Amino acid sequence: MSDLDLPLYKNFANPANYGKKRALSDIKWIVLHYTGNDGDTDTGNGKYFAREAVGASAHYFVDEDSATQSVPDEYIAWHCQTPGMTLKCGCRNSNSLGVEMCSDYVDGKCVITEKTKQNAAKLVKWLMDKYNVPTERVVRHFDVCGKECPEPWVRNEKEWLDFKRLIKKEGVNMEELKKLEAEFEKLKKEFENRREKVYTKFDEIPEWGKATVEKLIRYEYLYGDGENLNISYDLLRMLVLNDRAGLYGG
Ligand SMILES: [Zn+2]
């Protein structure tokens with residue numbers, strides 16, 4: 001697994017903010033959130049959730065220069081099952097990791113800055129790798145229960161699609177790979193057949209060898225009427241090379 005190219009601090013939350021232990025193999029989803037604050041930081045959030053008992057939590061907070069882990073992965077954080085809202089997919093607190101992005105306000109509107117977005121992508125890719133979570137199971141809080149979170153990515157779907165593009169796996173398309181393998185096998189067989197090929201008739205000689213063979217028959221180095229030549233591919237190649245080197249004259 002690749003290393004996380006982002007400083008990651010640990011500041012575990014007040015135990016009143018999160019749930020029970022689970023198996024790491026339970027982790028199947030990653031949920032993106034936003035804090036909705038103006039200019040907050042991952043470390044600031046880490047401190048707040050460590051100190052206060054608020055009955056809510058997320059595993060990670062991320063900002064423009066670092067990330068803070070607030071709940072250990074093997075514990076259930078209370079982040080995406082918003083009470084009173086209908087669940088829209090299979091994602092639950094119990095089977096997911098919650099990632100909160102710090103936010104800012106510009107001209108009265110909440111934004112996730114480009115740097116924070118890039119860092120969130122780094123963190124999420126690292127977690128996807130660690131727990132084998134596919135791109136399809138990286139979702140917004142909005143996709144879990146309809147809550148407008150992260151609001152800038154619900155208001156502007158394009159931002160969300162950009163993020164999805166950032167975390168897309170540069171993996172191998174297995175179908176494409178199988179096609180290439182079949183193509184390679186075919187070429188290999190063709191090549192082997194060609195190497196074992198023995199030309200008996202003049203008509204069977206490939207174009208690149210015809211002039212040479214014709215010349216050798218004419219000089220009576222090769223005998224007959226062109227019916228029993230018995231020239232292998234390798235021999236033909238050698239004869240043509242010799243011809244090109246001028247060994248048989250013009
Ligand atoms: Zn949320």
Side-chain angles (χ1 to χ4, degrees), residues 11-14 16-19 22 26-50 52-64 66-73 75-106 109-113 115-128 131 133 135-164 166-167:
N11 192 351
F12 291 147
N14 184 321
N17 294 334
Y18 59 94
R22 62 176 170 189
D26 289 347
I27 298 169
K28 307 279 185 218
W29 300 75
I30 298 170
V31 184
L32 273 299
H33 301 268
Y34 83 133
T35 60
N37 296 321
D38 184 9
D40 60 341
T41 62
D42 62 293
T43 47
N45 279 293
K47 278 180 202 155
Y48 173 81
F49 283 89
E52 307 291 331
V54 292
S57 50
H59 293 93
Y60 297 90
F61 290 88
V62 58
D63 71 5
E64 294 200 317
S66 58
T68 295
Q69 181 161 28
S70 179
V71 175
D73 295 350
Y75 282 86
I76 298 169
W78 296 328
H79 63 100
C80 70
Q81 283 174 270
T82 306
M85 301 195 99
T86 314
L87 294 163
K88 301 198 287 181
C89 62
C91 178
R92 303 287 181 271
N93 283 332
S94 59
N95 62 14
S96 63
L97 289 171
V99 175
E100 288 271 358
M101 295 178 291
C102 295
S103 53
D104 288 278
Y105 273 79
V106 177
K109 278 186 180 163
C110 190
V111 294
I112 308 296
T113 66
K115 270 188 192 164
T116 297
K117 186 203 270 186
Q118 294 286 344
N119 287 344
K122 278 184 194 172
L123 178 65
V124 167
K125 271 166 99 167
W126 182 68
L127 293 168
M128 286 167 77
Y131 298 111
V133 177
T135 319
E136 309 83 70
R137 280 196 254 117
V138 176
V139 292
R140 296 168 295 183
H141 189 177
F142 174 75
D143 304 306
V144 179
C145 72
K147 191 179 177 197
E148 293 209 346
C149 172
E151 188 273 333
W153 294 2
V154 174
R155 183 174 11 105
N156 185 359
E157 187 85 10
K158 195 185 156 290
E159 295 247 19
W160 169 236
L161 296 177
D162 281 351
F163 181 80
K164 285 285 248 193
L166 285 178
I167 59 166

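Everything numeric here is computed off the predicted structure, so don't read it as measured data. Atoms within a ligand are numbered from 1 in the order they appear, just like the ligands themselves.
Of all the N, O or S atoms in His141, the one closest to the Zn ion (ligand 1) is ND1.
Salt-bridge check for Glu148 with Arg155: failed, with every basic side-chain N at 4.0 Å or more from each acidic carboxylate O.
At a cut-off of 2.8 Å, His33 is counted among the residues with an N, O or S atom near the Zn ion (ligand 1). Not a single N/O/S atom of His79, whether from backbone or side chain, sits less than 2.8 Å from the Zn ion (ligand 1).
In this structure, Lys147 NZ and Thr82 OG1 are separated by 5.0 Å, a value rounded to the nearest 0.5 Å.
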- Could you please spell out the steps behind the ring pair (Phe, Tyr, Trp, His ring centres under 6.0 Å) verdict for Tyr18 and Trp78? CA-CA 6 Å; Tyr18 59 94; Trp78 296 328; 7.5 Å; no

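Classification of the Phe163-Trp153 ring pair by plane angle, with boundaries at 30° and 60°, yields tilted.
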